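Computed from heavy atoms alone, side chains included, the values below leave out hydrogens, waters and symmetry copies. Predicted, not measured: the structure shown is a model, and the values here were computed from it.
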Amino acid sequence: MGRQAMNLGKARADTRLILHLAGLVLLLFASMGVNVVTAGPKSVPTEFTPADNYLINCGSSSSTWLDDGRTFKSDPQSASYLSTEEDILATVNSLPNNVVSSSPSSSFPLYLSARIFEHESMYRFLVFSPGRHWVRLYFYPIAHPSYNLTSATFSVSTDSTVLLHGFSVKDSTRMVFKEYLINVSSNAFTLKFSPIKNSFAFINGIEFVSAPDNLISDLATSVYPVADFSGLTKFALETSYRINVGGPFVTPRNDTLWRTWQPDNQFNAFPQGARAVSVDPAIIEYPDDGATPLIAPPWIYATADQMVDSGVADSNFNLTWQMSVDPSFSYLIRLHFCDIVSKVMNELYFNVYVNGMIAVSSLDLSTLVSDLAVPYYKDLVLNASFITNNSIVVQVGPTLNQQSSPNAILNGLEIMKLSNLAGSLDGLFSSNAAPSMGSNKLKIAAVIGLATGIVALVLLVISFIRRQKKPKGWKRQKTFASWLPLNSSFCSFLSSKTKTTNFSSFVSAGVGLGRQFTLNEIKDATKNFDEKAVIGVGGFGKVYLGELADGTKLAIKRGNPSSSQGINEFQTEIEMLSKLRHRHLVSLIGYCDEQSEMILVYEYMANGPLRDHIYGSNLPTLSWRQRLEICIGAARGLHYLHTGAAQGIIHRDVKTTNILLDDNFVAKVSDFGLSKAGPSSLEQTHVSTAVKGSFGYLDPEYFRRQQLTEKSDVYSFGVVLFEVLCARPALDPALPREQVNLAEWAMQQNRKGFLEKIIDPLIVDTIGSESLRKYVEAAEKCLSEYGVDRPSMGDVLWNLEFSLQLQDASSIIHDPPEENNRKHNSNLGGTSSEVQLLIDMNDDSGVVVASPMFVDENLEGR
């Protein structure tokens, strides 16, 4: 920062000391439970006039005035908005003394009345200004002589989004407040209440109000990998938490957008490490571009938590806040900062962590906003894949090796749930599928007819299955039978009605699972599942090294029926392997389906996973030529997955532990537990799905958009290529921050011309310059930020073959004839020295296998 800015900071230091004293008075009142937010800052614009502003006190006979200046109309006054077949109202004169609510007391009058619906009913509002709108709902089960509102179960949906499904308020002392931000694109908005299970619905109060256009930007930053996340306008949001860190309740009266901000007391996971600090809100100066009073009022930026040991050189902890969330959804996390603790600029640097991952590194507020006491906010998106223990943990802590005294602050925190692929904020239910118990007789008849047909079909199938001979110990819930699709083989099996045909022969002939092993054979091969024979462990269970009587070694994968992850991966692996045959893909030898066991049998892969031959073990070093041949084999397998099957398959977990080597070092791609069928038609460009994979290999575009394509595998393979070249993990947290991510580090070093410094020193002098150039060029193209810029696996394969050809040419020029002949006769990868540039992807001549590869070192990335 320049001298002028530094002088400005010093000039304001004395004033800030006085304001800190004023802040202590604010904190004193706050600790006494007094709402100290009473006056606004000078010359700060805080007005916002919503174009659409519908406030309804449901079930009330007259208007209700709140102390924040808003007037809620009664139901009769709002009759033009309501479409319902009944007029059931409930009112009480007062609320119980033991009532519990996260809402401010100013909203309590809204809970004194309710409207009840026995059938599907709707509120319809005219929209004058499309865009983001607040939808706020108030629920409290007040007493009614004929309806017990604590037993009400219902759903609430809009034209595009399910807000609540199977919702109920069973605690008569609890008031529930729900707040949503919905992007309305039409000139009308419908809020629908749908009773389910012969129940009814109720509502106490409704707000449907315009929100500022710039309240939620379309762009945020994903937590991992750290990258731009675009498309937020496509999501509906539900407010999970809105927290005034270090300060008291801020009520709608003191927020232009009528929001409520809770104190952070119940969320602070390390209160002994935090010290609240506050200043007069008048000192807060909003920037010309960025945060505004509509993003958060000055009361939020005028209070904060800082480290209690601020100024102690060896302070080594993080301020921590922990919030419980639904782990099946992704979340928008908005962090509010304002440096009200520094006396001069550029003395406060700190990191921000979300669920243990660094989200913002070396945050320097005074540099970002060019002054002290200037608000700044940061939007982050956390994917559901990275939510652990049903919690979001936000931490701020000092950076390492900083010259100033260690400190970190946080002023405010908002956590908002993002709607899922079904357009829902409560389960996988679309708004079109929201259940209804309306009085439409045609709908009821259709439902009854459909249900009757389904029941009849189920009974017919059950009756047939019971007549079939089943293997001993067969249980549908825990066997392969429950996973087999109704494909042509099964239909043919049903039509034949051959009593001698049993499940086992169908599995073997119909879906290609190979030989059926008896459980006794498996036990003999593994010495009764001896723990000493375990060669791998994953979410599915354990993998054993087995040996048949004739000496044949097998890899035996035994499913753990208590693991939902394992069962799902088993199912996917069976479905995929039954369709695939290629010499560079792992394939099954057989299976065992007795006594509820789920066992798959693979040929043992003598040389195990590729990773073990690159780093982390004492195995002999692979030559550059061997590494090229292995990468070419893996590329062939992936290319076949993408193009050779009837419907393309996306592996979704390409990494060096899932590339296996047989006794001749032939590479085979394994582990299809996360695989997905590709787009089913030319019109489709992607498959929408939750993000799964392994840290360090995840495609950032897939992570941001949750849209899976074969180019996601290409990105992961690019990481593998650099891993093979540099002989280090894809992620290594022990290294300096800029070196943690191998892909980013390698590309950065290549751009600077320093790539040779990070290549495996054991082979760097043996690589031909042209071979290296072509190889790195292929790897970098794979790692393009956007999938459209990445090559296909066929193109990658061609470039790797070309790199091998260039390496051979380099060897001919530089090596003695006898050494050159020795290298070309080795053929360790199954590829001759005569490079085959046109690959026959229908090659299925090889019998392919699996191996001890099943150790899953990155389960947290799934």
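Judged purely by atom type and a 3.5 angstrom limit, Thr158 uses its side chain to pair as donor or acceptor with the backbone of Ser160. No side-chain donor-acceptor contact under 3.5 Å links Ser391 to the backbone of Val393. Side chain of Asn183 to backbone of Thr233: a donor-acceptor contact under 3.5 angstrom is found. With hydrogens and angles disregarded, a donor-acceptor distance shorter than 3.5 Å links the side chain of His651 to the backbone of Asp671.
With a 6.0 Å radius and a threshold of 12 heavy atoms from other residues, nucleotides or ligands, Asp218 has its CG atom above the threshold. Around the CG atom of Asp213, the shell of radius 6.0 Å holds no more than 12 heavy atoms that belong to other residues, nucleotides or ligands. Residue-environment remark: CZ (Arg334) exceeds the threshold of 12 foreign heavy atoms within 6.0 Å.
Between the CG atom in Asp699 and the SG atom in Cys782 there is a gap of 11.5 Å [rounded to 0.5 Å]. Rounding to the nearest 0.5 Å places OG of Ser168 at 8.5 Å from CZ of Phe202. Going from atom CZ of Phe193 over to atom CG of Leu163 covers 8.5 Å, rounded to the nearest 0.5 Å. Note that CG of Asp264 is 8.0 Å distant from CG of Asn244, once rounded to the nearest 0.5 Å. One finds the CD1 atom of Ile243 at 4.5 Å from the CG atom of Leu413 (value rounded to the nearest 0.5 Å). Annotation: the span from Leu698 atom CG to Arg652 atom CZ amounts to 10.0 Å, rounded to 0.5 Å.
For Lys655 against Ser694, the heavy-atom pair with the smallest separation is NZ-OG, 2.9 Å. When all heavy atoms of Ser155 and Gly166 are compared, the closest pair comes out as OG-N, 3.3 Å. Of all non-hydrogen atoms in Leu257 and Arg136, the two that sit nearest each other are O-NH2, 2.9 Å. Pairing each heavy atom of Ser419 with each of Leu425, the nearest pair is N-CD2, 3.5 Å. Between Pro195 and Phe200 the shortest heavy-atom distance is CB-CA, 3.5 Å. Of all heavy-atom pairs spanning His336 and Leu410, the tightest one is O-CD1, 3.6 Å.
Residues Asn204 and Cys58 form no side-chain contact, since every pair of their non-hydrogen atoms from C-beta on lies 4.5 Å or further apart. Counting heavy atoms from C-beta on, the side chains of Trp321 and Val396 come closer than 4.5 Å. Ser330 has its side chain out of reach of Phe235: every pair of non-hydrogen atoms, C-beta onward, lies at least 4.5 Å apart. With contacts defined as side-chain heavy-atom distances shorter than 4.5 Å, the pair Trp258/Pro50 qualifies. The side-chain heavy atoms of Leu382 and Tyr224, taken from C-beta on, include no pair separated by under 4.5 Å. Within the 4.5 Å cutoff, the side chain of Ser222 has no heavy atoms near those of the Pro700 side chain. Tyr715 is listed as a side-chain neighbour of Arg790, based on a closest heavy-atom distance under 4.5 Å. Side-chain contact between Val223 and Asn355 is absent, with no heavy-atom pair separated by less than 4.5 Å.
Phe167 and Phe154 have their aromatic ring centers within a separation under 6.0 angstrom. Ring-centre distance between Phe125 and Tyr81: below the 6.0 Å cut-off.
Between Phe208 and His133, the ring planes are parallel. Angles under 30° get that label, and only those over 60° would be called perpendicular. Between Tyr138 and Phe177, the angle of the ring planes lies from 30° to 60°, which puts this pair in the tilted group.
Remark: Thr221 engages Val226, Lys378, Leu380 in a side chain to side chain contact (heavy atoms under 4.5 Å, CB included) (not counting sequence neighbours). By the side chain to side chain contact (heavy atoms under 4.5 Å, CB included) test, Ser792 is found to be paired with Asp795, residues two or more places apart in sequence or in another chain being considered.
Salt-bridge formation is detected for the pair Arg242/Glu179: a Lys NZ or Arg NE/NH1/NH2 atom is positioned less than 4.0 Å from an Asp or Glu carboxylate oxygen.
Using a 3.5 Å distance cut-off with no hydrogens or angles, the side chains of Asn390 and Ser324 do not pair a donor with an acceptor. A donor and an acceptor atom, one from each side chain of Asp52 and Tyr54, are nowhere located under 3.5 Å apart. With no hydrogens or angles considered, a side-chain donor-acceptor pair links Asp326 and Ser328 at under 3.5 Å. Side-chain contact, Ser385 with Asn383: a donor N or O sits under 3.5 Å from an acceptor N or O.
With Ile182 as the partner, the side chain to side chain contact (heavy atoms under 4.5 Å, CB included) test is satisfied by one option alone out of Val135, Leu237, Asp159, Leu191: Val135.
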